[in-house]
Structure formats: structure tokens, C-alpha cells
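Please see the structure below; I have some questions.
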Amino acid sequence: MIRWGLCCIFKEQPITFRRATAAFLSKKNRSEQLRYLNGLVLHNAEALYAALCFCKDNGIGDFRINSQILPLKTHPELGYAIGDLPDGQLVEEKFRMCGTYSRDHDVRTGFHPDQFTLLSSPRADVTAKSIDELAYQAELADLVNADVINIHGGGAYGDKASALERLLRNIENLPDAIRSRLTLENDDRVYSPGDLLPVCLETGIPFVYDVHHHRCLPDGVGIEETTELAMKTWNREPLFHVSSPLASWHGKNPRNHADYIDLPDFPECWIHLTITVEVEAKAKELAVKDVMSHFLKPRII
DNA sequence: AGCGGTCAAGTTGAT
DNA sequence: ATCAACTTGACCGCT
């Protein structure tokens, strides 16, 4: 049985997440900043609850939470703690309600920190800021009961072996709140499954297998074998990603995502697995419902 | 109310 | 050298 996942936002549903810009906020004094952020974050906490309700009502068992749900949380000048907000208690309560709802209705949630979150960089400042970002997402994950914080390997910096060593060492030094949720995903230009699986095995970090990225950046190992290896890295329900290229696999940029999933792109060997598959498609909830409908056709007999 | 330039952060590869 | 892509368009000043 596949648990289908929706990523971050909606195409048609009137559920939106607000954001803030640093340029705008930095023109205000601190208490005005916190008041502005307070309203915005309350809105986002309520939107998350609505998103989880939509998922449950539509048979969608997984929702990826946008990293910007607490905008500028770790910004060097504008950053804040939830407790700094005028209604901090209420904000926390609303996120906890999301956590209760997702537990009661079995809607899995997770985070995917953005491209600036790197545990392989040679720059100590980049690593430190990344760990800050991961700590923030772990704190929020605690409130909302999210069990995954998924990142990529990052850059190669001209020497992939050294970068992988830094990645490994940084993972091993992470606090447990982060490490217990952290996962590694293959990307489409630097780190293939073959690069990351050894790190996952050594650290006990689960491997998020993105089959689209694997097709963009192959490593000589087939989808079936990689699926099996990925499954073994998980101590809970495995999480995989699927998407289709915008133009075609042979076009100039197959990395761009299409609106919907082209059914042949879904690996046959996944069909009978007990896994979560997050659908990375521009049509969002419409794409998830579309792909689900292909698997829910009434069976003969 | 609607338009459009702009938005914290790192790294890569296409142009 | 610039720029889009990456999990995602949304924000906000201007008219």
C-alpha cells in the first residue's frame, strides 16, 4: 500500500502560506517586526492545520511542510524564537494541534530544508548556519510530530571524497533531535544513490530515494536494486520521491518537473511496497489525486 | 485592485 | 559573466 505525499503548497485549494522579506522587515523596529511576524506565523499555523485536514479528507497520507513556515526564523539579524512573538504560546499551541491531528489521522509530515542547508561544505560558517537551520526544523518537527528532515549531499567542491567525509563527520556530531529525523536524498547533478548509500549505512541515516534524480544522474545501478538498498536503510516507513520531466527525458533539461506524473515514470517495483511516495509535480494536489486515481481503479473480482 | 521588480542563505552547470 | 535550478511563487511598493 502506497502512502501518497503532497509537497508544500496547493494549486487550487485556497490554502496558502505567507512569507516575509528581510528588506521589508528590517525597516521596522524590533517590536513591530515581531508583531508582523506574529500575525504571519499564526496564519501559517492555521494554514498547516487546513492542509492536514485536506490531506486526510482526500486520502493523501503525507504532507511536506515548507521550510519557510516560520519565515526568517534563523536570519542573522531578524531571527526570532517562537517565544519572542507576542502570541508565542498560541502559536505553539496551534502547531501542537497540527501534531495531534496528524497523529490521530495518520497524516505523515516532514521537512525538506532548502539548498542552503549543507553538511558537506568546507566553510565552517556555512556548516554552522546549516545546523542552526536544522535545529529550528527539528524544534518545529517536535511540535508537529514530523519524522523526517530530508537534505541533499550538497556540493562536491572539486573533491567528492573529502566532501562525503565532512558530511559523515557532521552527521555523527549532530544532536539527537536532528539526527533522529535526518535523511539523505540523491540529487540530480552531484550525489547519486551510490555516493550516499555508504554514508547512510555508516551513520544509520535513512536514504530518501528520488527516482527522477537517479534517472538524471545515473550511477550504473538499476532502479530495482537501488530500491532494495534504500528500503534497508529505514527503521520506519521508507520515503521515496517521484516526478516526471517537464519536456521529455531526451530534451535539454529533463530535470524540470512536469505538472503531473506520467504513469510510466512510476517504478513498477514500487507498486506493492509499503512506502511513502511524495509527488513532486507542479499541479500539486491535483497531481497527487491524479496519480492516486490510477492505483485506485476498481479491481475485477 | 492590479502590476511587476524583487526576494537571506550555496553550489552547480548551461548559456 | 550571468543565470536558472533546487522542494514552492509570494511579497510589497507603486500606481
Side-chain angles (χ1 to χ4, degrees), chain A residues 5-11 13-28 36-37 39-40 43-44 47-48 51 62-80 109-134 136-137 146 148-160 163 166-167 183-191 208 210 212-213 216-217 239-243 245-247 251-259 276-285 287-288:
Chain A
L6 170 63
C7 297
C8 305
I9 59 173
F10 294 82
K11 168 116 182 163
Q13 277 304 300
I15 300 173
T16 59
F17 294 92
R18 295 185 56 203
R19 295 164 64 178
T21 60
F24 174 70
L25 266 188
S26 52
K27 283 184 258 170
K28 301 174 179 294
Y36 184 88
L37 287 163
L40 197 155
H43 168 94
N44 285 354
L48 177 58
D62 173 277
F63 183 70
R64 183 190 301 173
I65 302 171
N66 192 323
S67 306
Q68 308 294 323
I69 194 163
L70 298 184
L72 302 166
K73 176 80 167 64
T74 60
H75 188 280
E77 278 92 44
L78 302 166
Y80 54 96
T109 54
F111 293 87
H112 194 0
D114 59 32
Q115 60 272 32
F116 313 105
T117 306
L118 299 162
L119 294 180
S120 60
S121 173
R123 288 172 47 186
D125 58 321
V126 170
T127 305
K129 280 196 290 185
S130 297
I131 292 172
D132 273 358
E133 181 70 21
L134 290 169
Y136 139 56
Q137 302 206 16
V148 165
I149 300 176
N150 179 41
I151 62 171
H152 292 291
Y157 313 92
D159 180 357
K160 198 186 270 187
R166 286 190 296 271
L167 175 63
T183 62
L184 288 175
E185 176 191 348
N186 60 306
D187 64 79
D188 53 14
R189 49 177 68 193
V190 182
Y191 291 104
V208 172
D210 187 314
H212 180 92
H213 290 162
C216 294
L217 180 69
L239 170 62
F240 295 169
H241 291 174
V242 73
S243 43
L246 178 55
K252 50 179 165 183
N253 195 353
R255 297 198 311 262
N256 296 356
H257 291 168
D259 287 345
T276 298
V277 178
E278 286 181 345
V279 176
E280 296 183 336
K282 298 282 187 188
K284 297 293 148 191
E285 80 275 20
V288 180

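Side-chain atoms are counted along with the backbone in the values below, which use heavy atoms only and exclude waters and symmetry mates. Quick note on labels: first sequence line is chain A, next is B, and so on, each numbered from 1.
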> Atom NZ of A:K282 and atom P of C:dC6: how far apart are they, to the nearest Å?
Replying inline: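 Computing the A:K282:NZ to C:dC6:P distance gives 6 Å.
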>> Has A:H212 got a side-chain atom pairing as donor or acceptor with A:D188's backbone, closer than 3.5 angstrom?
In response: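 Not at all, since once roles are kept as given, no pair shorter than 3.5 Å links the two residues.
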>> Should A:F116 be counted as stacked on B:dG10, where stacking needs a ring-centre gap under 5.5 Å and an angle between planes under 30 degrees?
In response: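 No, A:F116 does not stack on the base of B:dG10, since the centre distance and plane angle fail the 5.5 Å and 30° test.
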> C:dT7 phosphate, OP1 or OP2: any side-chain N/O from A:H152 under 4.0 angstrom?
Replying inline: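 It does, given that an N or O in the side chain of A:H152 lies less than 4.0 Å from OP1 or OP2 of C:dT7.
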> NA contact type, A:E278, heavy-atom cut-off 4.0 Å: base, sugar-phosphate, or nothing?
Replying inline: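 Nothing: the residue A:E278, judged by heavy atoms under 4.0 Å, touches no strand.
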>> In the structure I gave you, are the side-chain heavy atoms of A:L134 and A:I151 within less than 4.5 Å of one another anywhere?
In response: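 Result yes, sub-4.5 Å side-chain heavy-atom pair found.
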> Any sub-3.5 Å donor-acceptor pair from A:Y136's side-chain atoms to A:S67's backbone N or O?
Replying inline: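 Yes, because the side chain of A:Y136 sits within donor-acceptor range (under 3.5 Å) of the backbone of A:S67.
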> If you check the A:E133 side chain, which of C:dT8, B:dT11, B:dA9 turns out closest?
Replying inline: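 Looking only at heavy atoms from C-beta outward on A:E133, the closest nucleotide is B:dA9.
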> Reckon A:C7 touches a base, only the sugar-phosphate, or nothing at all at heavy-atom distances under 4.0 Å?
Replying inline: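 Result for A:C7 = nothing.
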> Could you state the CD1-P distance from A:I151 to C:dT7, rounded to the nearest angstrom?
Replying inline: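 Those two atoms, CD1 and P, are 13 Å apart.
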> So what does A:L72 touch, heavy atoms closer than 4.0 Å: a base, only the sugar-phosphate, or nothing?
Replying inline: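 Base, at least one base atom sits under 4.0 Å.
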> If you measure from the P atom in B:dA8 to the same atom in C:dC11, how many Å do you get, rounded?
Replying inline: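 Here B:dA8 and C:dC11 have their P atoms 13 Å from each other.
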> Counting N and O atoms only, with roles assigned by atom type, does the side chain of A:N66 sit under 3.5 Å from a partner on the main chain of A:C8, one being a donor and the other an acceptor?
Replying inline: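 The answer is no, because no donor-acceptor pair under 3.5 Å joins these two groups.
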> If you measure from the P atom in C:dT8 to the same atom in B:dG4, how many Å do you get, rounded?
Replying inline: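 These two P atoms come out 25 Å apart once rounded.
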>> Applying a 4.0 Å non-hydrogen cut-off, can you work out what A:H241 is touching in the nucleic acid: base, sugar-phosphate, or nothing?
In response: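 A:H241: no heavy atom of the nucleic acid under 4.0 Å.
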> For atom P, what is the distance between B:dT6 and C:dT7, given to the nearest Å?
Replying inline: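 Roughly 26 Å separates the two P atoms.
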>> Output the rounded distance in Å from CZ (A:R19) to P (B:dT6).
In response: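 Taking CZ of A:R19 and P of B:dT6, I get 17 Å after rounding.
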> So, is A:S121 close to the B:dG10 phosphate, meaning a side-chain N or O under 4.0 Å from OP1 or OP2?
Replying inline: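 For B:dG10, OP1/OP2 do not have a side-chain N/O of A:S121 under 4.0 Å.
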> Hey, does A:F111 reach any base, or is it just sugar-phosphate, or nothing, if we go heavy atoms under 4.0 Å?
Replying inline: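 Nothing, no heavy atom under 4.0 Å.
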>> Between B:dG5 and C:dA4, how many Å separate the two P atoms, rounded to a whole number?
In response: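 B:dG5 and C:dA4 have their P atoms separated by 13 Å.
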> Got a minute to check which stems DNA chain C is part of, using Watson-Crick or G-U wobble pairs under 3.5 Å, three or more consecutive?
Replying inline: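 Correct response: B:1-7 with C:9-15, B:10-15 with C:1-6.
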> Between atom CG in A:D188 and atom C1' in C:dA5, what is the gap in whole Å?
Replying inline: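 Value for this atom pair: 8 Å.
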